Asker: 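I have a structure I would like to understand better, so I am pasting it below and will then ask my questions one at a time.
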Protein chains: 2
Amino acid sequence: MDKTDKKPPSQRKAQADASPAPARAKLEHVARLAKVSLATASRAINQPEIVRPEIRERVLHAVEMLDYTPDRMAKALSSGRTHTVGAVVPTLGNAIFADGVEALEARLGARGYTLILSHSQYDPAREFRQIRGMLEYGVDGLVLVGDTFAPDSLPLIRHHRTPLVTTYVCASRQGIPAIGIDNRQATHRMARYLLELGHREFAVIANTGLPNDRSQARLDGLLDAIAEEGIRLPPDRIFEAPLPSIAAGREAFRRLRAAHPGVTAFLCTTDAMAVGAVAEARREGIRVPEDVSITGFDDVEIAAETDPPLTTVKVPAAEIGAIAADRLIGIIEGGPAATIAPIAPLEAALVVRGSTGPVAGPVARKRRTRAAAA
Amino acid sequence: MDKTDKKPPSQRKAQADASPAPARAKLEHVARLAKVSLATASRAINQPEIVRPEIRERVLHAVEMLDYTPDRMAKALSSGRTHTVGAVVPTLGNAIFADGVEALEARLGARGYTLILSHSQYDPAREFRQIRGMLEYGVDGLVLVGDTFAPDSLPLIRHHRTPLVTTYVCASRQGIPAIGIDNRQATHRMARYLLELGHREFAVIANTGLPNDRSQARLDGLLDAIAEEGIRLPPDRIFEAPLPSIAAGREAFRRLRAAHPGVTAFLCTTDAMAVGAVAEARREGIRVPEDVSITGFDDVEIAAETDPPLTTVKVPAAEIGAIAADRLIGIIEGGPAATIAPIAPLEAALVVRGSTGPVAGPVARKRRTRAAAA
DNA sequence: CTGAAAGCGCTTACAG
DNA sequence: CTGAAAGCGCTTACAG
């Protein structure tokens, strides 16, 4: 049984010879047809400029004739480079990562690299295992998300000397080149916008249930901004969802609203949760934005399609993916110098749509009056 | 410059030796430490049962000591197997594929295979290029979507003798093992359900703008079912969207509704388009399901969150991904026999929610009366 | 059950 | 600019 299943090279070759389909051409065949050495054939293909034009033509012609494509494994083994890049994202279920991965793959492919993909479900231990697997695989570089990892992950990557970039954040305390937006500043601006609309009573729906530095930064941005106005956010006004799902947003809104009916602005750290919050508000007969304002983050497709459409922050996922690819390849091919070149944070535009509005007039007035009377 | 960038093996090794981090252990080191030959060390690791227990222990201990992990490229080159599987999906932007890919990757990883991922944006030519790249890469197997490919794709795969499965369909005219649902039957059932609610005036929002056999099968299922009741669907009642986006669903609904105000049932071939249709209906003040019924397909997360939530068909994406992995590995490791074993279509449950209802009483009565009078 | 040796298909210093 | 040869790190028939 075993012997039938596992075909040793010789058997495989014999079988191929016996069958009608021609065996795959090797560099050796190209060299022979072009009447040059293996070395020259290799050079004509990989560094054409250092080969005499006439000979180069002969080799390239032979390549055509034989429909030759190099064996990537052999190439990898002898060159020490796999032309492979690994990426570990929390999940593909969030469009923000799906879009980023698409762009990453597209750019990587265009530049001759293959993407190895994995997802951690926001679990650092799982992420560590994925990273280790990719390192064993021999990836030339690694793309991660955020700036929080299992304790062993970074030392392992450094031990392998594997180039690394991280994404969706614009800075790393660990010195990793980071391609993304300034999450904190983005919600700071969002909060300022809400403050200008007259909001003073806030609540946050955050997916900080699992370690998530992006969500934490977004929360901090809000906290900063309102603190500047002397407003504090009691801990019970923050709902920590484990996953950024629509259902979690629904539940969060229901609970926060029940506990704090006076809140006028609900800031969500992802669009998915904001979609749930808007849906739940509607179900409860609460008008958006007349009664409460709700904001999202990400600007995924559905954000523009809820009723009312979401005010949110645009995360340029495709741009992040493409730039991460370019940057990583720069480090892989250019050496460590490329690692330290600074990267500007990407723009995270505030997208104002219908889910936010000024605090309802009468209420606001009433409150001010009361405050004055006190 | 060139010489500084590209580190030849010797240089690389010298550098590693000079630096504090120990060079990565090779099988040779393991063998030496265990005082056995390379061959025995290899066997103790890969086929432990054929090695004497005492020696096996020695080797395994050495592996621990040296923290040895095999070089996958070397292993691939000498064994002819990469333990790598390639998948090409239309897009990751649709949750149905994102979820399937997640499950595929998880199962593949659990069984020792690495996923190479690519996306075609529904473009057969692009898909062909991705396939070719993966084949050159040496993938042990391939996972595709649907049953419609560029003319050269299948011959190329067969020439490489690379195991292949396809997904999201339950049968292939090309003899490819298929893991998925019966799309045609699913909409047939959906149509029967709508017929029972009294609907006679249908329109379809399909993403058949680009070649998409799943969408076509879904359309055909409806056509079959209503034909059985003697109802025909004029071509102008079918909107062919190029991409299954929410925006496309919106536009499709607007146009179809304007051109055919008498239509009571809008069947969409994906949830995303149905979400758009529901949103547009609401915007126009058309009540769902009182005035029109709208159905989706896929049962992605948002399907349950629209207002009203969508009646749709559940596509078990995670199951498809996991089964595809198992099946493909079965073919890879078990040989061609595994290719022809039949696969039952997966269950595609009809999920009835709030976006569908009986045809409005008065209208239905009026119509029947009129018909009787005629 | 174990070992010596060939081989997987390339790349690349090294010497011309 | 070109060629002969060693080497990348494994696996596996082959012979004991």
Side-chain angles (χ1 to χ4, degrees), chain A residues 2-3 5-14 16 23-32 34-59 63 66 68-83 136-138, chain B residues 2-3 5-14 16 23-32 34-59 63 66 68-83 136-138:
Chain A
D2 247 341
K3 288 183 183 167
D5 294 346
K6 309 199 175 181
K7 294 169 197 156
S10 52
Q11 263 179 262
R12 254 187 291 121
K13 191 190 286 183
R24 181 172 169 188
K26 305 187 226 169
L27 186 59
E28 179 196 337
H29 302 131
V30 172
R32 201 174 300 155
K35 296 192 197 309
V36 296
S37 71
L38 263 176
T40 300
S42 173
R43 290 190 194 105
I45 294 169
N46 299 306
Q47 313 167 60
E49 64 285 359
I50 71 165
V51 163
R52 193 153 30 113
E54 180 202 329
I55 295 194
R56 190 200 309 152
E57 287 313 313
R58 250 166 45 211
V59 173
V63 166
L66 299 172
Y68 170 76
T69 59
D71 180 309
R72 295 199 50 167
M73 295 303 143
K75 202 163 180 163
L77 183 58
S78 60
S79 70
R81 290 269 317 276
T82 59
H83 275 269
E136 287 177 8
Y137 194 90
Chain B
D2 247 339
K3 287 184 182 164
D5 294 346
K6 309 198 173 180
K7 294 167 196 158
S10 51
Q11 264 180 261
R12 255 186 290 120
K13 191 190 287 181
R24 182 171 168 188
K26 306 187 223 168
L27 187 58
E28 180 195 338
H29 302 130
V30 172
R32 200 175 301 155
K35 296 192 197 307
V36 295
S37 70
L38 262 177
T40 300
S42 173
R43 290 190 195 104
I45 293 168
N46 299 307
Q47 314 167 58
E49 64 285 358
I50 71 165
V51 163
R52 195 153 28 112
E54 181 202 328
I55 294 193
R56 189 199 310 151
E57 288 313 313
R58 253 170 36 216
V59 173
V63 166
L66 300 172
Y68 170 76
T69 59
D71 181 309
R72 294 198 52 167
M73 295 302 143
K75 202 163 181 162
L77 183 58
S78 60
S79 70
R81 289 270 315 278
T82 58
H83 275 272
E136 287 177 9
Y137 194 90

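Throughout, a chain's letter reflects where its sequence line sits, starting with A, and its residues are numbered from 1. Quick caveat, the model's predicted, so the values are computed rather than measured.
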Asker: Quick one: B/D71 CG to D/dG9 C1', roughly how many Å, whole number?
Answerer: 6 Å
Asker: Give the rounded distance in Å between these two atoms: CD of B/Q47 and P of D/dA13.
Answerer: 9 Å
Asker: With a cut-off of less than 4.0 Å, is there a side-chain N or O of B/S42 near OP1 or OP2 of D/dC10?
Answerer: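 B/S42 to D/dC10 OP1/OP2: no side-chain N or O under 4.0 Å.
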Asker: Identify, between B/A39 and B/A74, the residue whose nearest nucleotide on DNA chain C lies closer to the 5' end.
Answerer: B/A39
Asker: For side-chain contact (heavy atoms from CB on, under 4.5 Å), just list the numbers for B/K75 and B/N46, CA-CA rounded to whole Å, side-chain angles, deciding distance to a tenth of an Å, and then say yes or no.
Answerer: CA-CA 11 Å; B/K75 202 163 181 162; B/N46 299 307; 3.2 Å; yes
Asker: Just how far, in rounded Å, is C1' of C/dT12 from NZ of A/K75?
Answerer: 13 Å
Asker: With distance as the sole test, does A/R24 use its side chain to make a donor-acceptor pair with the main-chain N or O of A/P70 at under 3.5 Å?
Answerer: yes
Asker: Looking at B/Y68, does any N or O in its side chain come under 4.0 Å of the phosphate oxygens OP1/OP2 on D/dG9?
Answerer: no
Asker: I want to verify a distance call: between C/dC10, D/dC1, D/dT12, whose nearest atom is closest to the B/S79 side chain?
Answerer: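 Of C/dC10, D/dC1, D/dT12, D/dT12 is nearest to the side chain of B/S79.
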Asker: Does B/T82 use its side chain to pair, donor to acceptor, with the backbone of B/A76 at less than 3.5 Å?
Answerer: no
Asker: Whole angstroms only, please: what is the CG-C1' distance between A/L38 and D/dG7?
Answerer: 14 Å
Asker: Detail all sub-3.5 Å separations between protein N/O atoms and N/O atoms belonging to nucleotides 14-16 of chain C.
Answerer:
none

Asker: Roughly, in whole Å, what's the span from CD in B/E28 to P in D/dC10?
Answerer: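 Computing the B/E28:CD to D/dC10:P distance gives 9 Å.
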Asker: Please evaluate residues A/V59 and A/V51 with respect to the criterion side-chain contact (heavy atoms from CB on, under 4.5 Å), reporting the C-alpha separation (whole Å), side-chain torsions for both, the decisive distance (0.1 Å), and the verdict.
Answerer: CA-CA 10 Å; A/V59 173; A/V51 163; over 6 Å; no
Asker: Closer to the 5' end of DNA chain D via nearest nucleotide, is it B/T40 or B/M73?
Answerer: B/M73
Asker: Specify the closest pair of heavy atoms between A/R58 and A/V36, including all atoms of both residues, with the distance to one decimal.
Answerer: NH2-CG1, 3.5 Å
Asker: With no hydrogens and no angle check, is any side-chain donor or acceptor of A/R32 less than 3.5 Å from a backbone partner on A/L27?
Answerer: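 Flag not set: sc A/R32 to bb A/L27 has no pair under 3.5 Å.
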Asker: Would you write out the dot-bracket form of DNA chain C, 5' to 3', with Watson-Crick and G-U pairs under 3.5 Å, [ ] for crossing pairs, | for pairs to other strands and . for unpaired bases?
Answerer: |||.||||||||.|||
Asker: Could you give me the CA-CA distance, side-chain angles and deciding distance for B/R43 and B/I50, then say whether side-chain contact (heavy atoms from CB on, under 4.5 Å) is met?
Answerer: CA-CA 7 Å; B/R43 290 190 195 104; B/I50 71 165; 3.6 Å; yes
Asker: Tell me the closest heavy-atom pair linking B/K26 and B/Y68, and the distance in Å.
Answerer: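 Heavy atoms only, the tightest pair is C-CE1, 3.4 Å.
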Asker: Considering only atom C1', compute the distance from D/dT12 to D/dG16 and round it to an integer number of Å.
Answerer: 15 Å
Asker: State, to 0.1 Å, how close B/T69 and A/E136 come at their nearest heavy-atom pair, and which atoms those are.
Answerer: CG2-OE2, 3.2 Å
Asker: Please determine, for the side chain of A/R52, which listed nucleotide (C/dG9, D/dC1, D/dG9) has the closest atom?
Answerer: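 Of all the options, the side chain of A/R52 is nearest to D/dC1.
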Asker: Closest nucleotide of DNA chain D for B/T69 versus for A/K35: which of these residues is on the 5' side?
Answerer: A/K35
Asker: Nearest to the side chain of A/S78, heavy atoms from C-beta on, is which of D/dG3, C/dC10, D/dC10?
Answerer: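 From the listed options, C/dC10 comes nearest.
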Asker: Select one nucleotide: of C/dT2, D/dG9, C/dC10, the one nearest the side-chain heavy atoms of A/L27.
Answerer: C/dC10
Asker: I'd like to check B/R56 versus B/R52 (side-chain heavy atoms, cut-off strictly below 4.5 Å). Are they in contact?
Answerer: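 Not touching, per the 4.5 Å side-chain cut-off.
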Asker: Side chain of B/L77, heavy atoms from C-beta onward: which of D/dC10, C/dC10, C/dC8 has the nearest atom to it?
Answerer: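 So the nucleotide nearest the side chain must be C/dC8.
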Asker: Roughly how many Å is it from CG in A/N46 to P in C/dT12, rounded to a whole number?
Answerer: 8 Å
Asker: Quickly work out the A/R81 CZ to D/dG7 P distance and round it to whole Å.
Answerer: 23 Å
Asker: So does A/K26 get a side-chain nitrogen or oxygen closer than 4.0 Å to the phosphate oxygens (OP1/OP2) of C/dC10?
Answerer: no
Asker: How many Å lie between CD on B/E54 and C1' on C/dT2, as a whole number?
Answerer: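 Atom CD in B/E54 sits about 13 Å away from atom C1' in C/dT2.
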